[in-house]
There are 2 protein chains.
Amino acid sequence: MSERLVVIGADATGMSAASQARRMAGPRELEIVVFERGGFTSYSACGIPYWVGGLVAERDALIARTADEHRARDIDLRLHTEVLEIDVAERRVRVRDLGPDAESWVGYDKLVIATGARPVRPALPGIDAAGVHGVQTLDDGQALIDTLTITEGKRAVVVGAGYIGVEMAEALIHRGYQVTVLDRGAEPMSTLDPDMGALVRTAMCGLGIEIVGAAEVTAIRTDEAGRVRAVATAEGDYPADVVVLGIGVRPETTLARAAGLPLGEHGGLLTDLSMRVRGHEDIWAGGDCVEVLDLVSGRNRHIPLGTHANKHGQIIGTGVGGGYATFPGVVGTAVSKVCDLEVARTGLREKDARAAGLQYVSVTVESTSRAGYYPDAAPMTVKMLAERRTGRLLGVQIVGREGAGKRVDIAAVALTARMTVEEMTALDLGYAPPFSPVWDPVLVAARKAAAEVRRRG
Amino acid sequence: MSERLVVIGADATGMSAASQARRMAGPRELEIVVFERGGFTSYSACGIPYWVGGLVAERDALIARTADEHRARDIDLRLHTEVLEIDVAERRVRVRDLGPDAESWVGYDKLVIATGARPVRPALPGIDAAGVHGVQTLDDGQALIDTLTITEGKRAVVVGAGYIGVEMAEALIHRGYQVTVLDRGAEPMSTLDPDMGALVRTAMCGLGIEIVGAAEVTAIRTDEAGRVRAVATAEGDYPADVVVLGIGVRPETTLARAAGLPLGEHGGLLTDLSMRVRGHEDIWAGGDCVEVLDLVSGRNRHIPLGTHANKHGQIIGTGVGGGYATFPGVVGTAVSKVCDLEVARTGLREKDARAAGLQYVSVTVESTSRAGYYPDAAPMTVKMLAERRTGRLLGVQIVGREGAGKRVDIAAVALTARMTVEEMTALDLGYAPPFSPVWDPVLVAARKAAAEVRRRG
């Protein structure tokens with residue numbers, strides 16, 4: 001007797017789950033139906049800035065697997081079909097096929113919610129003007145590229161200096177724009193502590209990107225034709241021929257909320273370790289619409305990131321298919337690149353540690369990416385937080401050039417293993433002059449942090 | 001009442017120990033005397049290939065701290081002074097000042113043995129011919145550069161295809177030489193399994209370096225003037241205007257052996273976790289002259305590597321100065337670069353695992369250094385070994401291009417934390433398209449290894 005799996009959303013989590021479920025159960029055992037509001041499947045939203053910037057030539061390069069490829073694996077994929085309601089009691093979803101605009105109920109035995117996130121779009125005057133763009137979906141990316149193609153002016157304003165904001169700033173620099181980034185915070189990259197964010201600001205300014213901190217956007221000014229002309233802040237107007245919004249995203253849980261499913265403090269779905277929605281044996285959720293456990297602070301977070309979304313999909317598909325897999329949580333690793341600047345973080349910032357009730361020591365060291373005498377040895381700043389008393393590593397932030405970013409993985413693994421900074425001083429990391437000074441910058445930071453833990457007690 | 005610390009050897013371990021001891025104890029508490037046979041202190045032997053290759057312009061760039069800088073910190077540094085004997089019972093060393101050629105006994109309260117390693121130099125006919133060079137010391141490097149400067153022919157033969165051999169091959173390519181590397185093993189880089197070594201061979205051949213495996217060198221052929229002319233093997237002669245020996249090194253423990261200090265199966269000094277020579281409260285040893293505990297196999301190894309030598313020095317200096325620090329052991333991480341090829345390893349090879357009595361699964365995956373659609377995404381091969389039953393990570397080997405090598409650090413930390421490959425599949429590693437595919441290559445390998453552990457049981 002065949003069961004039916006319904007999946008809402010056909011991007012990373014949804015299609016990874018569907019594909020993994022299909023690997024584990026053939027079409028006679030499990031029917032798989034996926035509903036997707038948009039027109040694309042399994043694409044890399046993280047790649048959009050590089051497509052806009054021209055580093056990636058074609059949209060289709062961002063699509064890992066097309067709808068037809070999924071269908072060839074016996075997945076009944078319905079694009080342009082929106083789920084309007086989840087009826088948990090009756091195990092069914094109400095869907096609208098956006099083509100014929102026809103509604104119907106579709107029953108499920110198992111349900112996967114992979115509705116992703118929606119961009120924050122502040123209710124500002126002019127926010128819907130022509131020339132104001134989000135960059136959340138491939139459609140968004142295409143619309144922005146179309147605008148860039150027809151726009152004659154070369155002044156761009158990016159609102160928000162988080163990952164997407166700085167990546168879009170680089171993309172627009174690549175396209176020859178004069179770029180201003182407006183951000184609420186005093187320093188860009190609020191995922192870093194302000195002292196590390198200041199390094200990013202300095203470096204970005206060196207790249208010709210103007211960064212305006214503590215900027216509260218009050219309106220988008222338009223011309224008579226309804227096209228964007230400037231971004232208004234309390235301090236003044238910033239002329240703009242194109243505006244990109246990179247203010248962040250929230251879990252897209254409208255359906256889940258209406259269905260009475262459990263949501264957390266960040267608005268994301270709450271799941272158990274196997275990514276089942278809490279209290280619901282037959283409903284799974286993952287990706288940008290769920291909250292995840294931060295293993296360092298013990299608190300929930302909302303971290304929209306493709307790498308988690310893919311892991312969730314894999315785990316959900318395994319569970320749906322009758323197997324066993326869990327997602328233990330995250331340590332909050334993220335890495336980003338603006339031109340040749342690499343920015344990375346994992347674990348807790350100072351304010352996260354304080355909010356978690358942790359007392360900590362904080363050290364910052366300057367080092368280089370290679371042996372000092374080796375060509376192209378580039379400066380690198382590493383900040384490290386460790387808990388007082390225990391010396392447990394709490395977090396690492398790195399700002400540098402080539403070779404800096406992925407070093408954060410050392411700390412990500414150490415956080416997962418709950419290592420102390422004293423233990424980290426003995427780590428046997430790869431050393432050769434083209435790769436590292438004889439003391440890797442992370443080891444230098446660990447030594448200094450360990451000494452500070454001893455000193456502070 | 002002042003004590004006297006005597007240090008034998010003024011490179012990484014010796015001078016790190018002396019410097020750290022001085023930080024912890026002032027000149028009134030502790031007199032520090034260092035004897036060094038050669039003429040340099042604290043230099044990066046690992047940097048010699050890059051100096052020879054011209055990437056590092058000057059010898060002095062490789063010297064982290066000069067003799068005078070050490071002396072300015074109240075360290076009595078005596079260059080060109082050889083220690084001839086350690087008298088453990090009387091707590092004294094017999095030294096010869098090579099200048100006036102004068103011998104004397106110098107007493108010690110505490111002794112640090114940092115005698116390093118000596119290169120293997122097979123007793124072949126012609127081995128001492130002009131044009132045959134080792135690259136162990138700065139003096140060796142200078143002698144080689146002098147030879148390269150006066151030699152007209154452009155044919156170089158490197159004997160040995162380990163780290164030093166391949167790095168010297170690159171150096172000689174940079175200097176316009178036609179390079180042949182002769183190695184005993186079937187594949188280069190015997191620190192890797194042969195299947196991974198084969199990838200290195202293919203890549204090096206692509207760089208124009210000729211690699212001859214299974215080559216047993218029988219003699220160095222010379223001309224009438226006593227200059228090298230060719231390297232003879234059982235299979236034939238390889239013409240050579242210059243020969244570089246990179247066959248490996250052995251612990252330099254002649255003094256220690258004569259003094260009756262405990263040596264291990266690899267000929268290195270045996271220490272406790274605080275780097276004290278076993279059974280001797282007042283003698284420490286570290287760096288290339290000691291054996292270290294391999295945390296993965298539980299066996300001793302000899303790993304001559306600057307990064308360990310520096311750690312040892314730091315720990316010894318702390319102990320000498322009355323503090324507490326330990327060196328828990330290594331996991332066997334190493335990384336190397338040949339032109340744009342990056343080669344890395346950590347943990348056990350297949351033969352190490354077998355020798356340790358471990359049964360294992362082995363998987364190899366192909367991935368890329370960046371998202372597939374991102375410019376310059378380069379192929380990367382990751383091999384991973386995990387223990388049967390427990391699934392504990394045993395080792396990782398990586399061969400690839402830019403961005404491949406330092407990924408081995410992920411595995412180095414995971415080995416230290418005794419993680420299973422199943423646990424590794426959930427690691428929260430840095431992801432962004434310029435840095436990694438959405439599944440980092442190490443995660444892809446971990447997933448495959450975990451599946452194989454489950455399958456094999």
Side-chain angles (χ1 to χ4, degrees), chain A residues 12 44 46-47 50 55-56 61-62 64 163 167 305-308 310-311 314 326-337 342 344 346 371-375 403 405-410 412-417 419 423 425-436 438-440 447, chain B residues 12 44 46-47 50 55-56 61-62 64 163 167 305-308 310-311 314 326-337 342 344 346 371-375 403 405-410 412-417 419 423 425-436 438-440 447:
Chain A
S44 171
C46 333
Y50 311 103
L55 287 177
V56 176
L62 300 183
Y163 294 109
E167 286 166 5
L305 202 56
T307 187
H308 300 327
N310 274 281
K311 287 196 185 92
Q314 182 78 18
T326 63
F327 185 80
V330 304
V331 294
T333 312
V335 59
S336 191
K337 191 165 175 289
E342 299 188 359
T346 189
Y373 54 78
Y374 195 89
K406 278 292 265 179
R407 266 185 170 79
V408 81
D409 286 347
I410 297 164
V413 184
L415 281 170
T416 306
M419 279 188 186
E423 287 167 334
T425 63
L427 283 174
D428 184 3
L429 303 180
Y431 162 64
F435 297 96
S436 173
V438 72
W439 291 96
D440 190 278
R447 278 174 62 185
Chain B
S44 172
C46 333
Y50 310 103
L55 286 177
V56 175
L62 300 183
Y163 294 110
E167 286 165 5
L305 202 56
T307 186
H308 301 326
N310 273 282
K311 285 196 185 94
Q314 181 77 18
T326 63
F327 185 79
V330 304
V331 294
T333 312
V335 59
S336 192
K337 191 164 174 291
E342 299 188 359
T346 189
Y373 53 78
Y374 195 89
K406 278 291 267 180
R407 265 185 171 79
V408 81
D409 286 347
I410 298 165
V413 185
L415 281 169
T416 306
M419 279 189 185
E423 287 168 334
T425 63
L427 283 174
D428 184 2
L429 303 179
Y431 162 64
F435 297 97
S436 171
V438 72
W439 291 96
D440 190 279
R447 279 174 62 185

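Numbers restart at 1 for each chain; the letters A, B, ... are given by sequence-line order, proteins then strands. Quick note: numbers below take in every heavy atom, side chains included, and nothing from hydrogens, waters or symmetry partners.
Comparing Ala344(B), Ala412(B), Ser336(B), Ala371(B) by heavy-atom pairs within less than 4.5 Å of chain A, the highest count is held by Ser336(B). The greatest number of non-hydrogen atom pairs below 4.5 Å with chain A, out of Asp440(B), Thr333(B), Leu427(B), is found for Thr333(B). Options Ala334(B), Ala432(B), Pro375(B), Gly403(B) differ in how many heavy-atom pairs under 4.5 Å they form with chain A, and the most are formed by Pro375(B). Ranked by heavy-atom pairs under 4.5 Å with chain A, the first of Val408(B), Val330(B), Asn310(B) is Asn310(B). Of all the listed residues (Glu167(B), Arg407(B), Glu342(B)), the one sharing the greatest number of non-hydrogen pairs under 4.5 Å with chain A is Glu342(B). Contact count against chain B (heavy-atom pairs under 4.5 Å) is highest for Gln314(A) among His308(A), Met419(A), Gln314(A).
Expressed to the nearest 0.5 Å, how far CG of Asp409(A) lies from CG of Asp428(B) amounts to 9.0 Å. From Lys311(A), atom NZ reaches atom OH of Tyr431(B) across 11.5 Å, with rounding to the nearest 0.5 Å.
Taking 4.5 Å as the limit, every side-chain heavy atom of Lys406(A) sits out of range of all side-chain heavy atoms of Lys406(B). At least one side-chain heavy atom of Tyr50(B) sits less than 4.5 Å from a side-chain heavy atom of Pro434(A).
Proximity to chain A is absent for every atom of Phe327(B), based on heavy atoms less than 4.5 angstrom apart. Thr425(B) touches chain A through its backbone: at least one of N, CA, C or O sits under 4.5 Å from a heavy atom, while the side chain does not. The contact between Ala414(A) and chain B is made by backbone and side chain atoms together, counting heavy-atom distances below 4.5 Å. With a threshold of 4.5 angstrom between heavy atoms, Thr307(A) approaches chain B through its backbone and through its side chain. Both the backbone and the side chain of Ala426(B) come within contact range of chain A, each with at least one heavy atom under 4.5 Å from a heavy atom of that chain. Residue Glu423(B) does not touch chain A at all, counting heavy-atom pairs closer than 4.5 Å.
Across every non-hydrogen atom of Tyr373(A) and Cys46(B), the tightest pair is OH-C, 4.1 Å. Considering all non-hydrogen atoms of both residues, Gly430(A) and Val335(B) come closest at C-CG1, 3.5 Å.
When the side chain to side chain donor-acceptor pair (under 3.5 Å) test is applied to Thr416(A), no partner is found at least two apart in sequence or on another chain.
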